[in-house]
Amino acid sequence: DHMNDGKAYRKWLAKTARELDCCLLVKQAFPDYDFSKRPTILVCVVGTLEDVRQFLKRWRTSRVDVDSKGKACLERQMSVLIESALSNSSLSSVDWEKAHAQESLNVS
């Protein structure tokens with residue numbers, strides 16, 4: 001919820017996901033539909049266990065955002081909410097077109 005340079009941050013996420021052959025889904029969630037406050041950013045990374053671990057390691061050790069003074073900084077507020085294996089049947093049941101179409105909608 002503290003992306004100061006959201007465009008560059010999302011570009012870094014996409015570039016890193018491509019390099020590691022991971023799928024990436026980024027959502028903005030506005031708690032209680034309060035659009036006057038900054039949203040919570042939810043990021044889903046899907047890939048092999050090793051690729052996702054490498055992605056998270058790079059995310060924590062790379063300068064992915066800027067502070068209020070414009071100085072590059074590390075991600076310090078990231079929390080992993082769920083880490084688990086997906087079966088092939090789980091992946092095939094995801095409606096990726098629907099997820100993409102609802103990209104800008106509120107997630108509660």
Side-chain angles (χ1 to χ4, degrees):
D1 66 352
H2 69 288
M3 282 185 193
N4 291 309
D5 186 356
K7 184 177 179 182
Y9 200 125
R10 286 187 296 275
K11 185 177 178 181
W12 183 92
L13 289 170
K15 178 180 80 87
T16 304
R18 273 192 310 276
E19 289 173 359
L20 294 171
D21 199 28
C22 292
C23 293
L24 187 69
L25 179 64
V26 180
K27 295 279 189 180
Q28 294 186 83
F30 293 89
D32 300 319
Y33 294 95
D34 186 353
F35 298 100
S36 66
K37 295 181 181 173
R38 289 186 143 186
T40 298
I41 308 299
L42 303 169
V43 179
C44 176
V45 182
V46 179
T48 66
L49 179 63
E50 185 57 37
D51 290 341
V52 171
R53 284 185 176 163
Q54 184 62 33
F55 185 95
L56 292 173
K57 183 177 181 179
R58 285 188 193 182
W59 197 353
R60 287 190 169 109
T61 59
S62 299
R63 300 199 181 275
V64 295
D65 201 10
V66 294
D67 62 15
S68 59
K69 296 177 183 176
K71 181 180 173 189
C73 62
L74 299 172
E75 176 56 66
R76 296 288 187 206
Q77 296 185 10
M78 176 180 55
S79 298
V80 175
L81 300 178
I82 299 171
E83 184 176 345
S84 67
L86 292 175
S87 67
N88 285 339
S89 61
S90 296
L91 287 174
S92 63
S93 68
V94 174
D95 187 346
W96 294 104
E97 289 300 318
K98 183 177 178 183
H100 179 70
Q102 294 180 353
E103 188 172 309
S104 62
L105 297 178
N106 189 358
V107 178
S108 48

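We count residues from 1, following the sequence as given.
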Report the C-alpha distance between Trp59 and Leu13 in whole Å, list the side-chain angles of each, state the deciding distance to 0.1 Å, and finish with yes or no for side-chain contact (heavy atoms from CB on, under 4.5 Å). CA-CA 8 Å; Trp59 197 353; Leu13 289 170; 3.8 Å; yes
Measuring only between side-chain heavy atoms, which start at C-beta, is [X] closer than 4.5 Å to [Y]?
X: Ile41; Y: Gln28; value: yes
X: Leu81; Y: Leu42; value: yes
X: Leu24; Y: Val43; value: yes
X: Tyr9; Y: Glu75; value: yes

Distance (rounded to the nearest 0.5 Å) between Lys11 NZ and Lys15 NZ: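 Interatomic distance, Lys11 NZ to Lys15 NZ, rounded to 0.5 Å: 9.0 Å.
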Mind listing the closest non-hydrogen atom pair of [X] and [Y] along with its distance?
X: Cys22; Y: Gly47; result: SG-CA, 4.4 Å
X: Ala17; Y: Phe55; result: N-CE1, 3.6 Å
X: Pro31; Y: Thr40; result: CG-OG1, 4.1 Å

For Arg58, all residues meeting side chain to side chain contact (heavy atoms under 4.5 Å, CB included), sequence neighbours excluded: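 Trp12, Thr16, Glu19, Leu20, Gln54, Ser62.
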Output yes when a side-chain donor or acceptor of Asp32 lies under 3.5 Å from a complementary backbone atom of Asp34, and no otherwise.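 Judged by distance alone, no pair lies under 3.5 Å.
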Tell me whether Val80 shares a hydrophobic cluster with Val45, the cluster being built from Ile, Leu, Val, Met, Phe, Trp, Tyr side chains joined at under 4.5 Å.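 Result: yes, single cluster for both.
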